[in-house]
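All of these numbers come straight from a predicted model, not from anything done at the bench. No hydrogens, no waters, no symmetry mates; every other heavy atom, side chains included, goes into these values. Count residues from 1 along the sequence.
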Amino acid sequence: MSSLVSRRSFLTGLSLLGVSAVAACAQLPKQSLDLAGSQDAVPADKPAPAPVETAAPARPDYISMYQAVEEDGYRLPAIPFAKVNEKFLRQVVDDPTGEKPGTIVVNTVDKFLYLVQKNGKAMRYGVGLGRQGYSWKGRAIVQWKRKWPTWTPPSAMISRDPKLEKWRQGMPPGVHNPLGSRALYIFQGGVDTLYRIHGSPDWNSIGKSASSGCVRMFNQDVMDLYDRVPGKAPLLVI
């Protein structure tokens with residue numbers, strides 16, 4: 001009898017050892033299976049890893065960019081930017097010009113003005129172009145800049161529109177002045193090209209061709225450009 005009990009105890013012990021061994025293998029950490037190169041132990045219905053989401057580029061704060069501005073006793077109205085094609089709103093883009101940082105490039109075909117920055121970037125602004133804006137191309141410099149400039153219509157313009165005679169000696173600065181809040185005066189070889197980059201009270205003309213004028217910008221944009229451009233900045237019109 002004692003021999004039979006001993007045999008049963010021995011077999012029971014083996015059985016328990018076997019169960020314990022199986023349980024220990026089933027509880028191996030998953031990374032241990034991966035390191036061992038075992039594929040059979042990975043469940044067939046294991047979900048695929050979730051795709052890594054990348055943050056979308058931050059949208060420019062157009063509300064702040066184009067809000068109403070009060071300066072030097074003048075009050076510029078806000079630009080209704082929602083009514084403007086977004087490509088003509090101020091934004092940082094990859095530089096398509098290849099020019100050195102600090103250069104202004106006016107693309108008269110696409111109606112963009114670029115201020116080239118470092119690291120292959122450029123600040124891009126939408127512009128509107130009048131006849132004078134199409135009449136000159138080449139390289140020059142910004143000879144000087146003016147805040148709230150006076151506008152003096154050319155004699156030819158006065159001849160076409162005699163009502164402008166009263167401004168022959170210059171129209172005072174203001175929100176209705178055709179040069180807007182800022183003007184950049186372009187010279188080539190020390191000679192005034194009569195080419196201007198300036199603000200405009202007619203926000204709806206940006207991105208379009210106009211009957212007169214040079215390179216028009218939103219008043220808020222030309223103010224931003226004015227603050228970024230150093231004296232004697234190089235200019236390329238293409």
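- When side chains are defined from C-beta on, Arg216 counts as touching Asp202, because their heavy atoms get closer than 4.5 Å.
- Annotation: side-chain hydrogen bond (donor to acceptor under 3.5 Å, both in side chains) contacts of Asp61 (sequence neighbours excluded): Ser64.
- Expressed to the nearest 0.5 Å, how far OH of Tyr66 lies from CG of Asp221 amounts to 3.5 Å.
- Taking 4.5 Å as the limit, every side-chain heavy atom of Thr108 sits out of range of all side-chain heavy atoms of Val215.
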Exercise answer: donor-acceptor pairs, residues 164-179 side-chain atoms, under 3.5 Å, sequence neighbours excluded:
{"unit_1": "Glu165", "atom_1": "OE1", "unit_2": "Arg168", "atom_2": "NE", "d": "3.3"}
{"unit_1": "Glu165", "atom_1": "OE1", "unit_2": "Arg168", "atom_2": "NH2", "d": "2.9"}
{"unit_1": "Glu165", "atom_1": "OE2", "unit_2": "Arg168", "atom_2": "NE", "d": "2.8"}
{"unit_1": "Asn177", "atom_1": "OD1", "unit_2": "Leu179", "atom_2": "N", "d": "2.8"}
{"unit_1": "Asn177", "atom_1": "ND2", "unit_2": "Pro149", "atom_2": "O", "d": "3.3"}
{"unit_1": "Asn177", "atom_1": "ND2", "unit_2": "Met171", "atom_2": "O", "d": "3.2"}
{"unit_1": "Asn177", "atom_1": "ND2", "unit_2": "Pro172", "atom_2": "O", "d": "2.9"}

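- For the side-chain hydrogen bond (donor to acceptor under 3.5 Å, both in side chains) test, residues two or more places apart in sequence or in another chain that qualify with Asp192 are Arg196.
- The shortest side-chain heavy-atom distance between Ile197 and Ile104 falls under the 4.5 Å cut-off.
- Considering only residues two or more places apart in sequence or on other chains, Thr193 meets the side-chain contact (heavy atoms from CB on, under 4.5 Å) condition with Trp136, Ile186, Gln188, Tyr195.
- Looking at Pro60 and Met65, their side chains come closer than 4.5 Å, going by heavy atoms from C-beta outward.
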Name each donor-acceptor pair under 3.5 Å that joins a side chain in residues 112-130 to protein atoms two or more places apart or in another chain, with its distance.
{"unit_1": "Lys121", "atom_1": "NZ", "unit_2": "Asp94", "atom_2": "OD1", "d": "2.5"}
{"unit_1": "Arg124", "atom_1": "NH2", "unit_2": "Lys87", "atom_2": "O", "d": "3.2"}
{"unit_1": "Tyr125", "atom_1": "OH", "unit_2": "Asp224", "atom_2": "OD2", "d": "2.7"}

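- Taking the side-chain hydrogen bond (donor to acceptor under 3.5 Å, both in side chains) definition, one finds that Asn219 meets it with Ser181, sequence neighbours left out.
- The side-chain contact (heavy atoms from CB on, under 4.5 Å) check on Pro154 picks up Met157, with sequence neighbours excluded.
- Hydrophobic cluster membership of Leu194, counting Ile, Leu, Val, Met, Phe, Trp and Tyr whose side-chain heavy atoms lie under 4.5 Å apart directly or via other members: none, as it forms a cluster of its own.
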Please tabulate, for the side chains in residues 70-80, all donor-acceptor contacts under 3.5 angstrom to protein atoms that are two or more places apart in sequence or on a different chain.
{"unit_1": "Glu70", "atom_1": "OE2", "unit_2": "Arg75", "atom_2": "NE", "d": "3.2"}
{"unit_1": "Glu71", "atom_1": "OE1", "unit_2": "Trp148", "atom_2": "NE1", "d": "2.7"}
{"unit_1": "Glu71", "atom_1": "OE1", "unit_2": "Arg182", "atom_2": "NH1", "d": "3.0"}
{"unit_1": "Glu71", "atom_1": "OE1", "unit_2": "Arg182", "atom_2": "NH2", "d": "3.1"}
{"unit_1": "Glu71", "atom_1": "OE2", "unit_2": "Arg182", "atom_2": "NH2", "d": "2.9"}

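- Taking the side chain as every heavy atom from C-beta outward, Leu236 and Val106 never approach each other to under 4.5 Å.
- In this structure, the side chains of Phe218 and Arg90 stay at 4.5 Å or more apart for every pair of heavy atoms.
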Determine all donor-acceptor pairs shorter than 3.5 Å in which one atom belongs to a side chain in residues 138-147; sequence neighbours excluded.
{"unit_1": "Arg139", "atom_1": "NH1", "unit_2": "Glu99", "atom_2": "OE1", "d": "3.1"}
{"unit_1": "Arg139", "atom_1": "NH2", "unit_2": "Glu99", "atom_2": "OE1", "d": "3.4"}
{"unit_1": "Arg139", "atom_1": "NH2", "unit_2": "Glu99", "atom_2": "OE2", "d": "3.0"}
{"unit_1": "Lys145", "atom_1": "NZ", "unit_2": "Tyr226", "atom_2": "O", "d": "2.9"}
{"unit_1": "Lys145", "atom_1": "NZ", "unit_2": "Val229", "atom_2": "O", "d": "2.7"}

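- The two residues Leu225 and Met217 come nearest to each other via the heavy atoms CD2-SD, 3.7 Å.
- Between the side chain of Gln91 and the backbone N or O of Leu89, at least one donor-acceptor pair lies under 3.5 Å.
- In this view, Thr97 and Asp95 satisfy the side-chain hydrogen bond (donor to acceptor under 3.5 Å, both in side chains) rule, not counting sequence neighbours.
- The CD1 atom of Ile238 sits 8.0 Å away from atom CG of Asp110, with the distance rounded to the nearest 0.5 Å.
- For Pro162, there are no side-chain contact (heavy atoms from CB on, under 4.5 Å) partners at least two apart in sequence or on another chain.
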